[in-house]
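Structure first, commentary second.
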2 protein chains.
Amino acid sequence: MGIDRRKLIVEAAEKSFSLFGYKATTMDQVAKLASVGKGTIYTFFKNKEELFAEIASTLVHEMKAEAEAVIQPGLPFTENVHRALFRMLEFRSEHLLMIKLIQEEKEMGTLAVTEMLQHIENEIIAYIKHKLEGVNHTILQTDLEITSFLLFKLYIALVSDWEKNHEALSSEKIAEIMKVFLLKRLSD
Amino acid sequence: MGIDRRKLIVEAAEKSFSLFGYKATTMDQVAKLASVGKGTIYTFFKNKEELFAEIASTLVHEMKAEAEAVIQPGLPFTENVHRALFRMLEFRSEHLLMIKLIQEEKEMGTLAVTEMLQHIENEIIAYIKHKLEGVNHTILQTDLEITSFLLFKLYIALVSDWEKNHEALSSEKIAEIMKVFLLKRLSD
DNA sequence: AAAATGACTATTTTTGTTTTTTGGTCATTT
DNA sequence: AAATGACCAAAAAACAAAAATAGTCATTTT
């Protein structure tokens, strides 16, 4: 078999989105970077947005994998929840594409980017919910949804928002705060 | 004594900022609305931003007054914290000026508005902190800061953010969630 | 004399127009 | 059958001209 053009395209796009953002990435550029004719891109993806969707989907998978990798069966449940969440937010602030997208959303408000970030957020919350599901059967479905949502918001607040006006909190401190919150939420 | 021109100006500005936002309010317009020469405005306020600051300051005072008004000495502490916070966020979503500023910040990203909203947020957090201070002496200063900050973020998440994708939560539900959080934070 | 004013100005913002860029197509080539 | 890049309509950027605006200050009013 010849070269995997689809893969070349996805890799080129990932690189370009990470480096220049969504708006500033042109299809011509992706084609050139992938050493592929522009038309070829459209044999694999309906349009720019679908190409973007594919890459974001990979990103979410990676993020979940990172979270899973950090969970250790021996540790207490709340500790694992913290480790997974913290790892995901770490990932969020390390991953070049994530950084670029968050910046583009803030500075230019590109619609496709806003929607994508919202989608990623929903995916993360759904993942948290899924993880919590198996553990405590007495909790109501609504409460599970709220709890997942709040956990995420709590973490964003502690990891990202707090930094804007204060010195960053240590992972341990965050774990401590979150343990109190989570324990109480899941045990009544 | 003659007419209080300063008051006329402040009232006109408040009305115009509420109706059209910061950017779209012109000094000529404020002067006309206040039936005052434009130069007169500058005898009371250094520039447009200071006029804005005065009005925002009044807003914060009103907001605190609303919070105070809803606190009842007989009720349990956590109940009062909830009532005060909930009232402030209600105020936030009822008060015309607040609504307009939040909208302007989102849609146009006017710098002066962003800064002002940040300032208001800080004031609210400081107020919460002040209220918590008297109650529990064993709590650390840092934790007090974090707790106030989190309380605010928690409320914004429950009252504003949640609504974007779900049906709004009742005041009672929010009170319940928050009680768990607050009780635990303040009692160890 | 003190307070108030609005014509004036330098700067910013908006508007209208032209040029360039870009996403997507499709007839041709590999 | 798969890949391509010249091509096109539509969007965005660049530019210029016109309009609007924050702030000043010489003149007028009290």
Side-chain angles (χ1 to χ4, degrees), chain A residues 1-56 100-101 104-105 107-116, chain B residues 1-56 100-101 104-105 107-116:
Chain A
M1 70 161 230
I3 29 173
D4 186 348
R5 285 193 170 70
R6 190 179 199 282
K7 197 180 164 197
L8 286 176
I9 291 166
V10 170
E11 282 171 0
E14 215 277 325
K15 194 174 288 179
S16 185
F17 284 141
S18 299
L19 242 43
F20 311 113
Y22 178 76
K23 183 87 188 304
T25 288
T26 71
M27 295 304 259
D28 275 299
Q29 182 166 167
V30 172
K32 191 160 289 174
L33 244 161
S35 314
V36 140
K38 182 156 64 149
T40 309
I41 300 177
Y42 290 89
T43 65
F44 296 113
F45 302 96
K46 209 178 100 227
N47 52 37
K48 191 180 177 182
E49 224 163 321
E50 267 206 6
L51 176 57
F52 187 36
E54 161 110 3
I55 284 159
K100 198 73 200 178
L101 292 182
E104 189 173 349
E105 139 109 272
E107 285 175 13
M108 325 180 53
T110 318
L111 185 66
V113 172
T114 306
E115 286 173 353
M116 189 54 70
Chain B
M1 66 157 230
I3 27 170
D4 185 348
R5 285 192 170 70
R6 190 179 199 280
K7 197 180 165 194
L8 286 177
I9 291 166
V10 170
E11 282 170 359
E14 217 276 324
K15 192 173 292 180
S16 185
F17 284 141
S18 299
L19 242 44
F20 310 113
Y22 178 77
K23 184 87 187 306
T25 288
T26 72
M27 296 304 259
D28 274 298
Q29 178 163 175
V30 172
K32 192 159 287 176
L33 244 161
S35 316
V36 140
K38 182 155 65 148
T40 309
I41 299 177
Y42 290 89
T43 65
F44 296 113
F45 301 94
K46 210 178 102 230
N47 51 38
K48 190 179 176 182
E49 222 163 323
E50 268 207 5
L51 176 57
F52 187 36
E54 161 110 3
I55 284 159
K100 197 74 201 175
L101 292 182
E104 188 172 349
E105 140 109 271
E107 287 176 11
M108 324 180 53
T110 318
L111 185 66
V113 172
T114 306
E115 286 172 354
M116 190 54 71

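So that the names make sense, note that chain A is the first sequence line, chain B the second, and so on, each numbered from 1. Because the structure is predicted, anything quoted here is derived from the model rather than measured.
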So does Glu50(B) have more than 12 non-hydrogen atoms from other groups sitting under 6.0 Å from CD?
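Yes - once you tally the heavy atoms of other residues, nucleotides and ligands closer than 6.0 Å, there are more than 12.
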
With Lys7(A), which residues qualify under side-chain contact (heavy atoms from CB on, under 4.5 Å), at least two apart?
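Per chain and number, Lys7(A) pairs via side-chain contact (heavy atoms from CB on, under 4.5 Å) with Asp4(A), Glu11(A).
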
Tell me every residue that passes side-chain contact (heavy atoms from CB on, under 4.5 Å) with Thr40(A), counting only those two or more places apart in sequence or in another chain.
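Thr40(A) satisfies side-chain contact (heavy atoms from CB on, under 4.5 Å) with Arg5(A), Ile9(A), Val36(A), Thr43(A), Phe44(A) only.
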
Interatomic distance, [X] [atom1] vs [N] [atom2] [rounded to whole Å]:
X	N	atom1	atom2	answer
Leu8(A)	dT4(D)	CG	P	10 Å
Glu50(B)	dA22(D)	CD	P	16 Å
Leu111(A)	dA11(D)	CG	P	15 Å
Leu51(A)	dG24(C)	CG	C1'	13 Å
Asp4(A)	dA3(D)	CG	C1'	14 Å
Phe52(B)	dA22(D)	CZ	P	14 Å
Glu49(A)	dG24(C)	CD	C1'	14 Å
Lys48(B)	dA22(D)	NZ	P	5 Å

Which nucleotide, if any, forms a Watson-Crick or G-U wobble pair with dT30(C), using both distances under 3.5 Å?
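dT30(C) is paired with dA1(D).
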
Distance test, side-chain N/O of Arg5(A) to OP1/OP2 of dA3(D), below 4.0 Å
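For Arg5(A), the contact criterion (side-chain N or O under 4.0 Å from OP1 or OP2 of dA3(D)) is met.
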
Drop me the distance from Lys46(A)'s NZ to Ile41(A)'s CD1, to the nearest 0.5 angstrom.
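One finds 15.5 Å between NZ of Lys46(A) and CD1 of Ile41(A).
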
Could you identify which residues of residues 20-37 of chain B place a heavy atom less than 4.0 Å from some atom of DNA chain D, listed by residue number, or say none?
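Hits under 4.0 Å, by residue number: Thr25(B), Thr26(B), Met27(B).
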
Testing the basics here: between Ala12(A) and Leu33(A), what is the closest heavy-atom pair and its distance to 0.1 Å?
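Heavy atoms only, the tightest pair is CB-CB, 3.8 Å.
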
Closest heavy-atom contact between Phe45(A) and Val10(A)?
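That would be CZ-CG2, 3.7 Å.
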
For Thr110(B), which residues count as a side chain to side chain donor-acceptor pair (under 3.5 Å) partner, sequence neighbours excluded?
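Per chain and number, Thr110(B) pairs via side chain to side chain donor-acceptor pair (under 3.5 Å) with Glu104(B).
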
Considering only distance and modelled atom types, tabulate donor-acceptor pairs under 3.5 Å from the side chains of residues 16-28 of chain A, sequence neighbours left out.
from	atom 1	to	atom 2	distance (Å)
Ser16(A)	OG	Thr25(A)	OG1	2.9
Ser18(A)	OG	Glu14(A)	O	2.8
Thr25(A)	OG1	Ser16(A)	O	3.2
Thr25(A)	OG1	Gly21(A)	O	2.7
Thr26(A)	OG1	Gln29(A)	N	3.0

According to salt bridge (charged side-chain N to carboxylate O under 4.0 Å, His left out), who are the partners of Glu54(A), at least two apart in sequence or on a separate chain?
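For Glu54(A) the salt bridge (charged side-chain N to carboxylate O under 4.0 Å, His left out) partners, ignoring immediate neighbours, are Arg6(A).
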
Each nucleotide of nucleotides 24-30 of chain D classed B (base within 4.0 Å of a protein heavy atom), S (only sugar-phosphate) or -, in 5' to 3' order, makes B------

